[in-house]
Amino acid sequence: MTSLANFPITKRWAPKDSSVIQLYSFPTPNGVKVSIALEEMGLAYEPHLVTLSDSDVKSPEFLSLNPNNKIPAIIDPNGPTGPIGLWESGAILLYLGEKSGKFIGTNAAEKAEITKWVMFQMGGLGPMFGQMGFFYKFAGKEIEDPRPRERYRDEAKRLLAVLDGALEGKDWIAGDYSIADMAIAPWLNALNFYGTRNAVGFDDLKNVPAYLERFMARPAVGKAMNIPARPV
């Protein structure tokens, strides 16, 4: 019996190597945050493909790890006091940063600055971009009333302006490259998928486009974006 046997999710997404971090994810902006962090930090892990269909994310096995039925989630067999399961991408980034001692700052002030920008993405950039995408690309685009679409577009533009100003004179949002960039940049990249890059005036921004280019050019990012997760 492995140390992961007490996690029911492993009965459906069985580990090949139960000694490494198990990643349950799908290549959404939130999903790739964690694979990018794992690659950047050099932590050994095994990816498992969990699709966004109810048959996966609402299955009893997945809900046993994440009752909020959202990817990503992880199990670390070598947690602080034994195996630990985690969900919420921001929480996972903070945990992995602490575990590896990388990309999370070297003192309390740096950590606070990085955490601030992780929370900016979690509470603002991600939810607003996601809602905008719904009204531009998915079922919301069929709604004739333009106000929902305009609301989320305008808030996305506002948040991009905040980010653009904060990047003035900097390569990375919190000084050195950090988990804050791993949180933010995948959502910027999602504007291409949503078809909203022009709607939010992305290419007119002074600092954000080059910031995204720097991020996407990192070897670990390129590798993480193409990790072949194993389906059930």
Side-chain angles (χ1 to χ4, degrees), residues 4 7 9-10 12-13 15-52 56-57 61-80 83-105 111 114-115 117-123 125-127 129-130 172-174 177-190 193 212 215-216 218-232:
L4 302 185
F7 291 88
I9 193 171
T10 63
R12 177 168 178 176
W13 289 276
K16 288 185 175 180
D17 184 353
S18 60
S19 70
V20 304
I21 292 171
Q22 304 295 304
L23 169 64
Y24 306 92
S25 193
F26 192 77
T28 66
N30 282 336
V32 298
K33 288 181 201 173
V34 177
S35 54
I36 289 168
L38 289 163
E39 289 292 334
E40 292 279 18
M41 295 171 187
L43 294 171
Y45 72 103
E46 183 178 342
H48 301 274
L49 184 66
V50 179
T51 72
L52 305 185
D56 274 0
V57 294
E61 295 88 354
F62 188 76
L63 290 173
S64 70
L65 180 59
N66 183 2
N68 195 36
N69 64 270
K70 303 291 183 182
I71 60 90
I74 67 167
I75 300 173
D76 181 3
N78 303 300
I84 182 174
L86 284 174
W87 45 278
E88 282 296 331
S89 58
I92 296 171
L93 288 179
L94 290 166
Y95 173 80
L96 295 177
E98 292 282 2
K99 179 181 178 70
S100 67
K102 298 177 180 178
F103 308 112
I104 199 169
K111 181 178 178 181
I114 290 166
T115 303
W117 285 106
V118 172
M119 295 303 109
F120 170 81
Q121 183 277 303
M122 295 294 295
L125 208 65
F129 280 21
W172 306 109
I173 192 59
Y177 182 68
S178 72
I179 60 169
D181 303 296
M182 301 175 205
I184 290 169
W187 277 100
L188 300 177
N189 191 51
F193 174 72
L212 179 59
F215 180 82
M216 297 301 292
R218 293 182 67 87
V221 172
K223 183 176 180 181
M225 291 286 194
N226 294 286
I227 292 295
R230 291 195 295 109
V232 178

- prompt: Can you check whether Leu188 reaches Phe129 side chain to side chain, under 4.5 Å on heavy atoms?
  reply: yes
task: Indicate the atoms forming the closest heavy-atom contact of Met41 with Leu96, along with that distance.
output: SD-O, 3.4 Å
- prompt: For Ile92 and Leu86, which heavy atoms make the closest approach, and how far apart are they?
  reply: CD1-O, 3.9 Å
- prompt: Does Asp181 use its side chain to pair, donor to acceptor, with the backbone of Ile173 at less than 3.5 Å?
  reply: yes
- prompt: Heavy atoms, side chains only, cut-off 4.5 Å: are Tyr95 and Asp76 in contact?
  reply: yes
query: At what distance, to the nearest 0.5 angstrom, does NZ of Lys16 lie from NE2 of His48?
result: 9.5 Å
- prompt: Would you say the side chain of Lys99 lies within less than 4.5 Å of the side chain of Ile21, judging by non-hydrogen atoms?
  reply: yes
message: Show, in sequence, the C-alpha distance, side-chain angles and deciding distance for Asn30 and Trp187, and conclude whether the side-chain contact (heavy atoms from CB on, under 4.5 Å) test is met.
response: CA-CA 8 Å; Asn30 282 336; Trp187 277 100; 3.1 Å; yes
message: Is there a side-chain contact between Pro77 and Val20 in this structure, where contact means two heavy atoms from C-beta onward sitting under 4.5 Å apart?
response: no
- request: For Ile36 and Val221, work out which heavy atoms get closest and say how close.
  value: CG2-CG2, 4.0 Å
field: Thr10: side-chain contact (heavy atoms from CB on, under 4.5 Å) partners, not counting sequence neighbours
entry: Leu4, Phe7, Pro15, Tyr24, Ile75
message: Once rounded to the nearest 0.5 Å, what's the spacing between atom OG of Ser35 and atom NZ of Lys223?
response: 11.0 Å
query: Could you give the distance from CD1 (Ile184) to NZ (Lys33), rounded to the nearest 0.5 Å?
result: 9.5 Å
- prompt: With a 4.5 Å heavy-atom cut-off, do Trp13 and Leu49 have their side chains touching?
  reply: no
task: Could I get the full list of side-chain contact (heavy atoms from CB on, under 4.5 Å) partners for Ala220, not counting sequence neighbours?
output: Glu39, Glu40
field: pair Thr51-Phe26: side-chain heavy atoms closer than 4.5 Å
entry: yes
Least distance between heavy atoms, Leu63 atom then Val57 atom: CD2-O, 3.7 Å
Least distance between heavy atoms, Ile104 atom then Ile114 atom: C-CD1, 3.3 Å
task: Specify the closest pair of heavy atoms between Phe62 and Ile9, including all atoms of both residues, with the distance to one decimal.
output: CD1-CD1, 3.7 Å
field: Interatomic distance, Leu38 atom CG to Leu43 atom CG [nearest 0.5 angstrom]
entry: 6.0 Å
message: As an exercise, state the distance from CG of Asn69 to CG of Leu52, rounded to the nearest 0.5 Å.
response: 10.5 Å
query: For the atom pair CZ (Phe215) and OH (Tyr177), what is the distance rounded to the nearest 0.5 Å?
result: 4.5 Å
query: Can you name the side-chain contact (heavy atoms from CB on, under 4.5 Å) partners of Ser19, sequence neighbours left out?
result: Asp17
task: Kindly determine whether Met122 and Ser89 satisfy side-chain contact (heavy atoms from CB on, under 4.5 Å), including the steps that lead there.
output: CA-CA 8 Å; Met122 295 294 295; Ser89 58; 3.7 Å; yes
